[in-house]
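We name chains A, B, ... by the order of the sequence lines, and we start the count at 1 in each one.
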Amino acid sequence: MKKIAISKLNDLFSAISKEKVLYIPADDGANQARFTPWQEGLTLTDKLNTVRSAKDLFFPQVENLVNFKNSGKAIQIIENRTEPQPFVLFGVRACDCRSFDILDRVFLSDPVDTFYKTRREQGVVITLACNRPTETCFCGVFGIDGADPQGDVTCWMDEAALYWRANTEKGEALTAALPMLTDCAEEAIDPIAAKIRSILSKLPLNDLDLTGFNRDRMMELFNSPQWEDLSQSCLGCGTCTFVCPTCQCYDVQDFDDGQQVRRFRCWDSCMFSDFTMMAHGTNRPTQKERFRQRFMHKLSYFPNNNDGIFGCVGCGRCLQKCPIHMHIVKVAKALKEDLK
Amino acid sequence: MQERLKQKALELLENGTADRILGWKIGEFFYDLTPAVFKTRQEIQEEFVYSPFAGANLSKYLIAESRKGGKVAVFLKPCDSYSFTQLLKEHRIWRENVYVVGVQCGGMCDMEKLRAKGCEGVLSVGEDGENIVVETLYGTNVFPRAELLEDRCITCKSKKVVTFDELIGEQGTELESDRFSQVAQLEAMTSQERFAFWQKELSRCIRCNACRNVCPACSCEKCVFDNPGSGVRNKAAADSFEESLFHIIRAFHVTGRCTDCGECSRVCPQNIPLHLLNRKMIKDMNELYGTYQAGADPDTKPPLTDFTLDDEEPSIVHTRGGQ
Ligand code: SF4
Ligand code: SF4
Ligand code: SF4
Ligand code: SF4
Ligand code: SF4
């Protein structure tokens with residue numbers, strides 16, 4: 001275990017950013033936080049978490065794949081792929097850190113997504129324990145510990161110091177390059193973790209019960225008469241999908257700018273009417289089917305295919321940001337009724 | 001207020017005025033209400049809520065709801081009633097299938113403002129006169145209600161319910177509001193400053209389309225941005241040019257129909273002040289064609305669809321001194 005005084009945080013950030021590009025959660029001037037490249041003067045936000053999740057750094061909203069130029073029958077292929085530089089992501093919360101495991105299962109299984117893979121290899125993840133969990137947090141339901149997050153390095157903070165524990169080789173390597181970190185006893189973080197756990201134990205959504213969402217109940221859930229009511233006022237926007245750290249769907253599109261064709265990929269949302277549009281049209285004709293897809297994916301299909309691991313980490317973003325507040329907790333509680 | 005609305009909902013259902021009620025449904029917390037259709041006495045008794053967090057404007061749901069047969073009763077706040085009336089003018093709602101209960105409104109509260117005050121882990125709220133008492137995991141906080149009001153409510157244009165079958169509470173009046181002052185500040189900037197302002201704001205856009213989908217004026221059956229055949233790349237949010245065009249096209253398309261209900265800014269997950277774009281259009285229209293408020297009545301023609309020979313013909317070419 002290492003530590004550094006809070007008053008020296010700036011020196012720490014400065015030293016890390018000499019090694020690699022450093023992102024920290026900082027206020028963006030609109031009463032919210034986002035991961036921002038550190039530069040002299042940038043300070044850590046007081047907010048619990050960022051509006052856009054940490055997945056952005058590994059799976060950006062839009063990325064260019066390749067360009068084409070046609071002349072007659074010849075197609076010229078113009079590679080415009082840029083290899084990501086090594087970077088450090090500081091201040092990731094336990095929930096977002098777990099979301100990387102979920103994304104890994106999607107993007108790192110065959111066929112491997114090399115864009116994602118390179119970013120995962122290049123990125124060092126430094127997590128930060130949550131001193132002030134909020135009412136929309138339900139990470140504990142998924143066995144995630146906000147008081148002891150994973151990652152290459154785990155940090156804790158109190159008024160006086162930042163405590164630092166390297167967990168992986170990547171973490172050790174970074175630690176070795178930071179002489180301002182001084183040794184301290186393992187127990188130093190115990191009072192901080194205890195305080196956090198006492199808050200976590202009081203969170204109002206702890207009682208969310210996800211037992212019984214098994215493969216053999218899948219069709220029952222799929223055919224639940226409740227989808228009609230649950231989805232009735234859904235706007236079909238992409239808010240819940242785009243702020244979610246585990247949503248992983250993307251679209252590949254070609255944009256003909258008159259000179260050349262630019263092929264890019266971008267996040268997509270199963271809540272959109274043109275999602276996975278096929279030649280015959282769409283197989284999810286109304287918002288009910290689209291809405292059902294998002295929640296069935298997280299609560300049933302994903303765990304069915306991934307050793308029971310849910311496609312949600314309880315970060316609470318969709319609870320805070322859905323314009324009509326129809327979020328995963330309401331859906332899960334309603335479906336649970338069907339399983340009784 | 002909540003009780004009066006509940007009683008009214010029950011009464012309308014039971015005396016056969018309506019066979020269902022469109023209102024706001026209880027959530028996990030005090031603030032996460034969801035618009036919902038209530039069909040039974042039990043649902044209303046257990047789940048119907050009207051509180052300072054019933055911000056969602058229900059009028060747009062009536063486009064679909066009024067076509068379903070039977071009769072739906074709905075509760076509309078003053079600003080919602082402007083949206084409703086504008087939709088009537090556009091023949092989007094089947095009026096005979098809707099029973100409107102107008103409700104007075106003391107302004108809606110904004111959870112973001114509560115969080116901005118450092119309130120996290122909120123568990124419950126109570127009202128104590130003009131104060132809001134918030135219980136959190138970290139202790140109790142008391143704030144004057146005025147400090148928690150949504151921005152759109154601080155600059156509320158009217159407390160008048162413009163279309164209704166019956167009213168709960170007193171009828172209100174149009175208000176003196178300084179809602180255009182922020183637009184005037186933007187106008188006072190140099191074009192470079194203004195460009196930088198909007199670049200900064202719009203750069204946060206994640207293109208979730210919540211602003212469009214919630215907007216009562218955006219009621220096209222198929223938006224051009226959702227049509228893969230249109231040549232527009234809807235999801236290329238990073239392309240700043242395309243991105244700004246989405247917002248500008250939307251602002252133009254709702255000009256003369258936007259009632260300034262403020263839903264777009266309320267729902268934006270990235271806190272982008274979209275209402276300023278629309279207010280700019282409203283202000284310009286007022287200045288060019290005389291004061292006009294969309295949704296204020298079901299009959300008057302909007303300036304942009306009502307041509308007269310001496311209409312102003314503003315053009316960018318003209319103001320730049322071109323031919
Ligand atoms: S579904 Fe909601 S709570 Fe779960 S990970 Fe996604 S945004 Fe977070
Ligand atoms: S969900 Fe858990 S890990 Fe995520 S911010 Fe809340 S307390 Fe922290
Ligand atoms: S559930 Fe909410 S955030 Fe998601 S698409 Fe529907 S309205 Fe939008
Ligand atoms: S543009 Fe915004 S303020 Fe105007 S009607 Fe639409 S949602 Fe309301
Ligand atoms: S709601 Fe906000 S983030 Fe979403 S598309 Fe509109 S401006 Fe962009």
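Contact count against chain A (heavy-atom pairs under 4.5 Å) is highest for E28(B) among E28(B), K222(B), M111(B). If you tally non-hydrogen atom pairs under 4.5 Å between each of N271(B), V267(B), L123(B) and chain A, the highest count goes to N271(B). Among the candidates S269(A), C322(A), P133(A), the residue making the largest number of heavy-atom pairs closer than 4.5 Å to chain B is P133(A). Chain B forms more heavy-atom pairs under 4.5 Å with one residue of C240(A), A30(A), G29(A) than with any other, namely A30(A). Ranked by heavy-atom pairs under 4.5 Å with chain A, the list K25(B), R266(B), R204(B) is led by R204(B).
Heavy atoms of T239(A) lying under 4.5 Å from chain B belong to its backbone as well as its side chain. The contact between A210(B) and chain A is made by backbone and side chain atoms together, counting heavy-atom distances below 4.5 Å. L58(B) does not touch chain A: none of its heavy atoms, backbone or side chain, sits under 4.5 Å away. For a residue to count as touching a neighbouring chain, one of its non-hydrogen atoms must lie under 4.5 Å from one of that chain's; by this rule D46(A) does not touch chain B. Residue R34(A) touches chain B through its side chain alone, counting heavy-atom pairs closer than 4.5 Å. With a 4.5 angstrom heavy-atom cutoff, R265(A) does not touch chain B via any of its atoms. Neither the backbone nor the side chain of E63(A) has a heavy atom closer than 4.5 Å to any heavy atom of chain B. Both the backbone and the side chain of T136(A) come within contact range of chain B, with heavy atoms under 4.5 Å apart. Only the backbone of I26(B) has a heavy atom closer than 4.5 Å to any heavy atom of chain A. For N31(A), the parts lying near chain B are the backbone and the side chain together; criterion is any non-hydrogen pair under 4.5 Å. Proximity to chain A (any heavy atom under 4.5 Å) is shown, for E201(B), by neither the backbone nor the side chain. Using a 4.5 Å cut-off between heavy atoms, K60(B) does not touch chain A at all.
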For this session: Assess whether side chain to side chain contact (heavy atoms under 4.5 Å, CB included) is satisfied between F29(B) and L205(A), documenting all intermediate values.
Result: CA-CA 10 Å; F29(B) 309 105; L205(A) 298 180; 3.8 Å; yes
Problem set entry | Pair F272(A)-N213(B), side chain to side chain contact (heavy atoms under 4.5 Å, CB included): steps then yes or no | CA-CA 11 Å; F272(A) 289 163; N213(B) 293 10; 5.7 Å; no
Problem set entry | Test side chain to side chain contact (heavy atoms under 4.5 Å, CB included) applied to I206(B) and V243(A), step by step | CA-CA 9 Å; I206(B) 53 173; V243(A) 298; 4.2 Å; yes
For this session: Verify side chain to side chain contact (heavy atoms under 4.5 Å, CB included) between R52(A) and Q270(B), making sure each step is shown before the conclusion.
Result: CA-CA 9 Å; R52(A) 299 178 68 146; Q270(B) 290 284 59; 3.5 Å; yes
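Side-chain contact check for I324(A) versus W24(B): every heavy-atom pair is 4.5 Å or farther apart. Using a 4.5 Å cut-off on side-chain heavy atoms (C-beta onward), E112(B) and Q320(A) make no contact. Between L203(A) and L137(B), some side-chain heavy-atom pair lies under the 4.5 Å cut-off.
Note on K47(A) versus E120(B): no salt bridge recorded, every NZ/NE/NH1/NH2 to OD/OE distance being 4.0 Å or above. Looking at E135(A) and R115(B), a side-chain N of the basic residue comes within less than 4.0 Å of a carboxylate O on the acidic one, giving a salt bridge.
Ring-plane geometry between H325(A) and Y31(B) is classed as perpendicular, the angle between the planes exceeding 60 degrees on a 0 to 90 degree scale with a lower cut at 30.
Because its NZ or CZ atom is both nearer than 6.0 Å to the ring centre of Y138(B) and within 45° of the ring axis, R132(A) counts as a cation-pi partner of that residue.
To the nearest 0.5 Å, the span separating CG on N209(B) from CE on M271(A) amounts to 13.5 Å. The SG atom of C215(B) lies 11.0 Å from the CG atom of L235(A); values are rounded to the nearest 0.5 Å. Rounded to the nearest 0.5 angstrom, R207(B) CZ and F242(A) CZ are separated by 9.5 Å.
Counting only distance, with no hydrogens or angles, the side chain of S233(A) and the backbone of A36(B) share no donor-acceptor pair below 3.5 Å.
The local environment of CD in Q2(B) is crowded, with over 12 non-hydrogen atoms from other residues, nucleotides or ligands closer than 6.0 Å.
Of all heavy-atom pairs between H327(A) and D32(B), the closest is NE2-OD2, 2.8 Å.
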